[in-house]
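Take a look at the structure below.
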Amino acid sequence: MIANQNELAKLRFNEAGLIPAVVQSADSKRVLMVAWMNKQSIDQTFAIGETVFFSRSRNELWHKGESSGNTQRVLKVEVDCDSDCLLIHVEENGPACHNGTESCFDSTVLGKSDGLNG
């Protein structure tokens with residue numbers, strides 16, 4: 001996977017050296033999960049072509065699907081206009097959520113049936 005080094009050099013990491021990454025299904029366009037990345041996890045993601053994140057709770061890198069087999073093959077990575085968030089388009093192999101659901105966003109707090117216009 002060839003990375004655009006000019007765009008990577010512009011990334012704005014937070015004070016902990018992390019940047020949020022929104023993971024989206026390239027097929028359904030559904031948001032699957034949000035995780036954190038650091039420079040090392042970004043480098044590993046590009047090297048292996050699958051998502052690698054930084055676990056804040058364990059303070060270590062984790063290759064998505066390493067133990068579950070539910071990997072995410074990276075097809076494209078976009079950077080937002082402020083260079084402080086990534087959008088990662090993936091081809092998923094199994095559920096994204098550790099609860100076994102397709103997406104980590106399976107609970108509705110407010111929706112059209114709750115009075116939203118439109």
Side-chain angles (χ1 to χ4, degrees):
M1 185 170 242
I2 299 172
N4 181 331
Q5 295 301 320
N6 290 332
E7 289 301 317
L8 286 176
K10 295 178 190 175
L11 292 181
R12 294 177 49 215
F13 295 90
N14 68 14
E15 61 282 346
L18 301 174
I19 190 168
V22 177
V23 180
Q24 181 181 42
S25 168
D27 182 44
S28 71
K29 307 302 183 219
R30 184 163 189 211
V31 171
L32 302 174
M33 60 184 285
V34 175
W36 293 91
M37 299 181 91
N38 62 11
K39 177 73 169 98
Q40 187 179 7
S41 67
I42 292 170
D43 290 344
Q44 285 192 20
T45 293
F46 286 124
I48 67 172
E50 293 182 349
T51 54
V52 177
F53 302 108
F54 181 81
S55 170
R56 295 176 300 165
S57 60
R58 294 189 313 266
N59 198 34
E60 65 184 17
L61 296 181
W62 60 282
H63 174 197
K64 177 71 176 135
E66 188 172 39
S67 59
S68 67
N70 300 330
T71 57
Q72 298 171 335
R73 187 168 71 91
V74 176
L75 302 179
K76 179 169 67 169
V77 177
E78 295 178 293
V79 181
D80 80 329
C81 58
D82 294 324
S83 298
D84 62 1
C85 187
L86 302 175
L87 176 60
I88 304 176
H89 302 265
V90 300
E91 178 181 271
E92 65 268 31
N93 179 29
C97 186
H98 70 280
N99 291 329
T101 55
E102 173 194 15
S103 169
C104 293
F105 295 93
D106 282 332
S107 298
T108 302
V109 174
L110 180 68
K112 195 170 187 176
S113 63
D114 295 324
L116 286 180
N117 294 329

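For the numbers below, each heavy atom of this structure counts, side chains included, while hydrogens, waters and symmetry mates do not. Predicted model only: the values in this text are computed from it and were never measured.
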Verdict with supporting geometry, Leu8 and Phe46, side chain to side chain contact (heavy atoms under 4.5 Å, CB included): CA-CA 11 Å; Leu8 286 176; Phe46 286 124; 3.9 Å; yes
Evaluation steps, side chain to side chain contact (heavy atoms under 4.5 Å, CB included), between Asn38 and Leu61: CA-CA 9 Å; Asn38 62 11; Leu61 296 181; 3.6 Å; yes
Check against side chain to side chain contact (heavy atoms under 4.5 Å, CB included), Asp82 and Arg12: CA-CA 8 Å; Asp82 294 324; Arg12 294 177 49 215; 4.0 Å; yes
Full working for side chain to side chain contact (heavy atoms under 4.5 Å, CB included) between Glu92 and Leu32: CA-CA 9 Å; Glu92 65 268 31; Leu32 302 174; 4.0 Å; yes
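Exactly one residue among Leu11, Thr45, Val52, Leu18 makes a side chain to side chain contact (heavy atoms under 4.5 Å, CB included) with Met37. That residue is Thr45.
Aromatic rings from Phe53 and Trp62 are positioned such that their centres are separated by under 6.0 Å.
Of all heavy-atom pairs between Glu50 and Val74, the closest is C-CG2, 3.9 Å. Taking all atoms of both residues into account, the shortest heavy-atom contact from Cys97 to Ser103 is CB-O, 3.8 Å. Smallest separation of non-hydrogen atoms from Trp36 and Arg56: NE1-CZ, 2.9 Å.
Between Val31 and Val22, some side-chain heavy-atom pair lies under the 4.5 Å cut-off. Proximity of Asn70 to Pro95: side-chain heavy atoms (C-beta onward) are separated by under 4.5 Å at one or more points.
Side-chain N/O atoms of Glu60 and Ser55 include no donor and acceptor closer than 3.5 Å. Side chains of His63 and Gln44: no donor on one and acceptor on the other come within 3.5 Å.
The side-chain hydrogen bond (donor to acceptor under 3.5 Å, both in side chains) search around Arg30 returns Glu102, Asp106, not counting sequence neighbours.
Phe54 and Ile19 fall into different hydrophobic clusters, defined by Ile, Leu, Val, Met, Phe, Trp and Tyr side-chain heavy atoms under 4.5 Å apart, directly or through other members.
Distance check, rounded to the nearest 0.5 Å: OG1 of Thr51 to NZ of Lys64 gives 7.5 Å.
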Side-chain atoms of residues 83-90: list all donor-acceptor pairs with protein atoms under 3.5 Å, sequence neighbours left out, distances to 0.1 Å.
from: His89; atom 1: ND1; to: Gln24; atom 2: OE1; distance (Å): 3.3
from: His89; atom 1: NE2; to: Glu78; atom 2: OE1; distance (Å): 2.6

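Checked by atom type and distance alone, the side chain of Lys39 never pairs as donor or acceptor with a backbone atom of Phe13 at under 3.5 Å.
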